Amino acid sequence: FFFFKQKTAYEISACLVGSEMCIRDSFNGIHSSSVYSVAFSPNGKYLATASRDNTCSLIDVEKQTRIECFNSLHTDYVRTVCFSRNSRYLVTGSWDSSICIVDIESRKLIKRLENVHTEGQSKGVWSVAFSVDGKYLAAGCRDTTVKIINTEELL
């Protein structure tokens, strides 16, 4: 069992002797509501966050600063984030039932997929993930389905 002594409601400070697990830093003030998902880019340069405040943030890991707040991608909670295997694209999924693909370098939206759910069913994208070869994007939806999207047709 691991035990962490909580310093405040938002900041945990602990390092476990004899363990490889060490909480190094915390980021406060990135979001105004719950953070639902986080993902590191495969190249290790970025951390993306998804929040109930309808935004996604991009953090520079080395500088430990937020370099972008995407606040107009979605109209409802941003539920999930992931990076492409080459760290070129950031993908977000939302309760508004859309998926957004952002080019990391330009920080511009390059594709928005609407209504990623079965007609007449509950809306919402709960998870997204790229295939190892990057040719496909999978989306886990609130309507109990998994959608497979061919990225070669999108990017």
Side-chain angles (χ1 to χ4, degrees), residues 2 4-16 19-117 122-132 134 136-143 146-149 151 154-155:
F2 296 107
F4 296 97
K5 181 180 177 187
Q6 189 170 349
K7 287 175 64 177
T8 70
Y10 299 102
E11 182 179 22
I12 297 173
S13 177
C15 189
L16 304 174
S19 171
E20 295 193 24
M21 186 172 172
C22 179
I23 295 178
R24 194 183 120 203
D25 298 300
S26 62
F27 298 96
N28 295 323
I30 300 293
H31 292 286
S32 61
S33 192
S34 303
V35 175
Y36 285 138
S37 179
V38 294
F40 281 102
S41 61
N43 65 9
K45 292 182 180 180
Y46 305 107
L47 174 69
T49 61
S51 175
R52 185 178 177 161
D53 65 9
N54 300 4
T55 70
C56 169
S57 289
L58 187 63
I59 297 167
D60 182 307
V61 173
E62 186 177 316
K63 295 178 183 175
Q64 298 182 15
T65 57
R66 180 171 64 183
I67 56 175
E68 190 70 49
C69 177
F70 299 101
N71 58 9
S72 61
L73 296 177
H74 297 286
T75 59
D76 208 336
Y77 307 160
V78 182
R79 185 81 172 117
T80 184
V81 290
C82 78
F83 287 92
S84 60
R85 300 292 180 187
N86 62 6
S87 299
R88 183 172 175 192
Y89 303 107
L90 171 65
V91 177
T92 62
S94 172
W95 277 65
D96 66 10
S97 217
S98 70
I99 291 174
C100 291
I101 303 172
V102 174
D103 180 276
I104 295 295
E105 189 173 316
S106 69
R107 300 200 184 100
K108 302 283 186 206
L109 175 67
I110 58 169
K111 190 68 174 181
R112 180 180 171 89
L113 305 172
E114 301 279 351
N115 299 316
V116 184
H117 69 283
S122 299
K123 293 183 177 183
V125 176
W126 286 63
S127 60
V128 288
F130 274 96
S131 61
V132 174
Y136 300 98
L137 178 66
C141 300
R142 187 173 179 211
D143 66 5
V146 175
K147 309 294 186 194
I148 305 296
I149 302 153
T151 61
L154 299 176
L155 306 175

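Keep in mind the model is a prediction, meaning the values are calculated, not measured.
Salt bridge D96/R79: absent, no basic N to carboxylate O contact under 4.0 Å.
Put simply, the side chain of R112 reaches to within 4.5 Å of the side chain of H74, judged on heavy atoms. At a threshold of 4.5 Å between non-hydrogen side-chain atoms, the residues F40 and Y46 do not count as touching. The shortest distance between side-chain heavy atoms of T92 and C100 falls below 4.5 Å. Counting heavy atoms from C-beta on, the side chains of I67 and R107 come closer than 4.5 Å. Considering only heavy atoms from C-beta on, K45 stays 4.5 Å or farther from D60 through its side chain. When side chains are defined from C-beta on, V78 does not count as touching W95, because their heavy atoms never get closer than 4.5 Å. The side-chain heavy atoms of Y77 and N54, taken from C-beta on, include a pair separated by under 4.5 Å.
Taking the side chain to side chain donor-acceptor pair (under 3.5 Å) definition, one finds that S41 meets it with N43, sequence neighbours left out. S37 meets the side chain to side chain donor-acceptor pair (under 3.5 Å) test with no other residue; sequence neighbours excluded.
To the nearest 0.5 Å, atoms OG (S84) and CG (L90) are separated by 8.5 Å. Here the CG-SG distance, from N71 to C56, works out to 10.5 Å after rounding to the nearest 0.5 Å. I149 contributes atom CD1, which lies 11.0 Å from atom NZ of K111 (distance to the nearest 0.5 angstrom).
Between the side chain of S34 and the main chain of Y36, no donor-acceptor pair closer than 3.5 Å is present. Remark: side-chain polar atoms of T65 are not paired, donor with acceptor, to backbone N or O of I59 under 3.5 angstrom. Side-chain atoms of S57 never come within 3.5 Å of backbone atoms of C69 as a donor-acceptor pair (strictly under, hydrogens ignored).
In this structure, E114 places its CD atom where more than 12 heavy-atom neighbours from other residues, nucleotides or ligands lie under 6.0 Å away. Heavy atoms from other residues, nucleotides or ligands lying under 6.0 Å from CZ of R66 number more than 12.
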- [ ] May I have the step-by-step check of side chain to side chain contact (heavy atoms under 4.5 Å, CB included) for S94 and V125, ending in yes or no?
- [x] CA-CA 5 Å; S94 172; V125 176; 5.9 Å; no
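Across all their heavy atoms, V116 and L113 have their closest contact at CG2-O, 3.7 Å. The shortest heavy-atom contact between S87 and P42 is OG-CD, 3.1 Å. Of all heavy-atom pairs between K123 and R142, the closest is O-CD, 3.1 Å. The two residues L47 and V61 have their closest heavy-atom pair at N-CG2, 3.7 Å. Here the closest heavy-atom approach between residue W126 and residue C141 is recorded as CD1-C, 4.0 Å. Scanning both residues, A50 and T80, for their nearest heavy atoms gives CB-N, 3.8 Å.
Between F70 and the options V81, T55, L109, V102, a side chain to side chain contact (heavy atoms under 4.5 Å, CB included) holds for only V102.
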